[in-house]
Amino acid sequence: MKRSKGASRPKPGHTDRTTVKFELKVGDETLHVSLKLPTTRTSPRRMLPVFQSVAHKLIDAGVAEATARGESVSCKAGCGACCRQSVPISLTEARHLAGLVDAMPEPRRSDVRARFADALTRLEAAGLLGELRKLDEMPAEWHAGLNARYLPLRIACPFLEDESCSIHPDRPVICREYLVTSSPEHCVDASPETVRRIPIAAHVSTDVVLLEYRGPAASRVPLVLALEWAEKHAHDEPAPRPPVEWLEHVFESHPGRAPAEP
């Protein structure tokens with residue numbers, strides 16, 4: 001990532017935040033981004049709002065194009081059909097979700113933990129748990145047929161309450177990117193033949209994975225296994241780095257996502 005000439009640095013003693021402006025080349029499009037970042041070293045988890053902000057710019061552009069075509073987003077509170085799919089999230093987001101649960105007051109914390117435990121019990125009974133624990137080691141044909149095996153189990157996301165996301169502001173980026181214009185009834189089976197997703201220029205959910213990339217065989221975890229994974233890896237979170245370094249690390253590491261020169 002290259003800073004644009006408009007990027008500003010804080011003056012000592014005046015502020016602990018800086019504005020960073022840069023451009024991202026996404027296909028034939030150039031995305032102009034301006035972000036306020038802390039100047040102190042920070043963990044990957046503290047960087048998630050930054051990537052969510054970039055994702056929303058891309059998502060908003062996709063929604064605007066759909067609206068111009070006469071389409072409208074059918075996703076809304078009370079429709080949780082898509083929240084019964086297998087959702088792969090980054091390791092950083094798994095840690096973040098575990099932190100959210102830890103911070104919940106009782107009895108809510110225990111209720112949510114019980115939903116996670118129930119999901120694992122049902123997956124084990126269905127013979128899927130062991131495979132999901134090796135998500136990124138599984139062959140392409142396994143991934144292609146995963147939802148056909150997962151959806152019939154009707155395992156709701158542990159954060160789904162009254163068919164709505166109870167952690168909506170903190171939901172993973174991949175959940176934010178899943179917007180459809182087709183009728184909600186088709187999301188129950190999530191068939192690509194009937195579900196019309198809003199196209200977006202780039203998926204930031206793949207960028208977030210690079211915050212804590214551990215090689216192709218250990219870079220994502222199913223959302224329902226987030227608490228289990230986070231507990232097992234509680235002591236090996238990457239060391240804090242300056243926020244700009246995290247941005248450079250992610251965007252310069254992603255093939256085809258190299259930022260444009262300012």
Side-chain angles (χ1 to χ4, degrees), residues 22-36 48-90 93 96-97 100 115 143-209 220 222-224 226 251 254 256-257 260:
F22 59 95
E23 298 176 351
L24 292 179
K25 188 70 174 178
V26 183
D28 296 328
E29 301 292 328
T30 299
L31 178 66
H32 298 273
V33 181
S34 177
L35 301 170
K36 286 188 178 295
L48 286 177
V50 174
F51 289 94
Q52 292 165 1
S53 176
V54 176
H56 287 162
K57 289 181 180 293
L58 291 163
I59 294 166
D60 289 345
V63 172
E65 290 179 5
T67 301
R69 294 192 300 268
E71 300 178 281
S72 60
V73 176
S74 54
C75 306
K76 59 182 179 180
C79 177
C82 64
C83 301
R84 290 174 173 80
Q85 300 184 55
S86 175
V87 179
I89 62 175
S90 69
E93 289 172 311
H96 178 63
L97 294 183
L100 284 179
R115 292 177 211 153
H143 285 274
L146 174 58
N147 262 343
R149 299 173 63 191
Y150 195 100
L151 276 171
L153 300 177
R154 310 308 298 159
I155 298 175
C157 171
F159 297 111
L160 188 68
E161 297 176 2
D162 297 325
E163 293 303 304
S164 295
C165 179
S166 65
I167 58 162
H168 199 261
D170 292 287
R171 68 198 187 282
V173 173
I174 194 170
C175 298
R176 298 164 194 262
E177 295 171 336
Y178 194 93
L179 293 173
V180 306
T181 58
S182 49
S183 174
E185 65 192 45
H186 298 308
C187 292
V188 175
D189 297 318
S191 169
E193 289 77 26
T194 56
V195 174
R196 294 192 308 277
R197 293 184 62 177
I198 287 184
I200 55 178
H203 289 83
V204 177
S205 54
T206 61
D207 294 313
V208 173
V209 167
R220 300 174 302 165
L223 188 153
V224 291
F251 288 123
H254 200 301
R257 194 82 89 257

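Quick note: numbers below take in every heavy atom, side chains included, and nothing from hydrogens, waters or symmetry partners.
Across Leu160 and Ala156, no two heavy atoms sit closer than the pair CD2-CB, 3.9 Å. When all heavy atoms of Ile89 and Leu223 are compared, the closest pair comes out as CD1-CA, 4.0 Å. Closest non-hydrogen pair, Leu48 versus Val208, comes out as CD2-CG1, 3.8 Å. Here the closest heavy-atom approach between residue Ser182 and residue Ser74 is recorded as O-OG, 2.5 Å. The heavy-atom pair separating Ser53 from Leu35 by the smallest distance is OG-CD2, 3.8 Å.
By the salt bridge (Lys or Arg N to Asp or Glu O under 4.0 Å) test, Arg69 is found to be paired with Glu71, residues two or more places apart in sequence or in another chain being considered. Applying the salt bridge (Lys or Arg N to Asp or Glu O under 4.0 Å) rule to Arg197 yields no partners; only residues at least two apart in sequence or on another chain are considered. Applying the side chain to side chain donor-acceptor pair (under 3.5 Å) test to Glu177 and every residue at least two apart in sequence or in another chain returns Ser205. Residues passing the side-chain contact (heavy atoms from CB on, under 4.5 Å) test with Ala148: none are found, sequence neighbours excluded. Arg171 is linked by a salt bridge (Lys or Arg N to Asp or Glu O under 4.0 Å) to nothing, counting only residues two or more places apart in sequence or in another chain. The salt bridge (Lys or Arg N to Asp or Glu O under 4.0 Å) check on Arg115 picks up Glu161, with sequence neighbours excluded. Scanning for side chain to side chain donor-acceptor pair (under 3.5 Å) contacts around Lys57 gives an empty result, with sequence neighbours left out. Taking Ser86 as the reference, nothing meets the side chain to side chain donor-acceptor pair (under 3.5 Å) condition, with sequence neighbours excluded. Take Tyr150 and apply the side chain to side chain donor-acceptor pair (under 3.5 Å) test, not counting sequence neighbours, and it matches no residue. With sequence neighbours excluded, the residues that form a side-chain contact (heavy atoms from CB on, under 4.5 Å) with Thr67 are Val63.
Leu179 CG to Arg196 CZ: the interatomic distance, rounded to the nearest 0.5 Å, is 13.5 Å. Ile174 CD1 to Gln85 CD: the interatomic distance, rounded to the nearest 0.5 Å, is 9.0 Å. To the nearest 0.5 Å, atoms SG (Cys83) and CD1 (Ile155) are separated by 14.0 Å.
Contact check for Leu97 versus Phe159: side-chain heavy atoms found under the 4.5 Å cut-off. You'll find the side chain of Cys175 reaches within 4.5 Å of the side chain of Val87, heavy atoms only.
With respect to the salt-bridge test (charged N to carboxylate O, under 4.0 angstrom), the residues Arg220 and Glu93 do not qualify.
For residues 48-72, every residue pair satisfying the ring pair (Phe, Tyr, Trp, His ring centres under 6.0 Å) rule, not counting sequence neighbours, is listed here: Phe51-Phe251. A ring pair (Phe, Tyr, Trp, His ring centres under 6.0 Å) check over residues 69-89, counting only residues at least two apart or in different chains, returns nothing.
Although no hydrogens or angles enter the test, the distance criterion places no donor-acceptor pair under 3.5 Å between the side chain of Arg149 and the main chain of Gly145.
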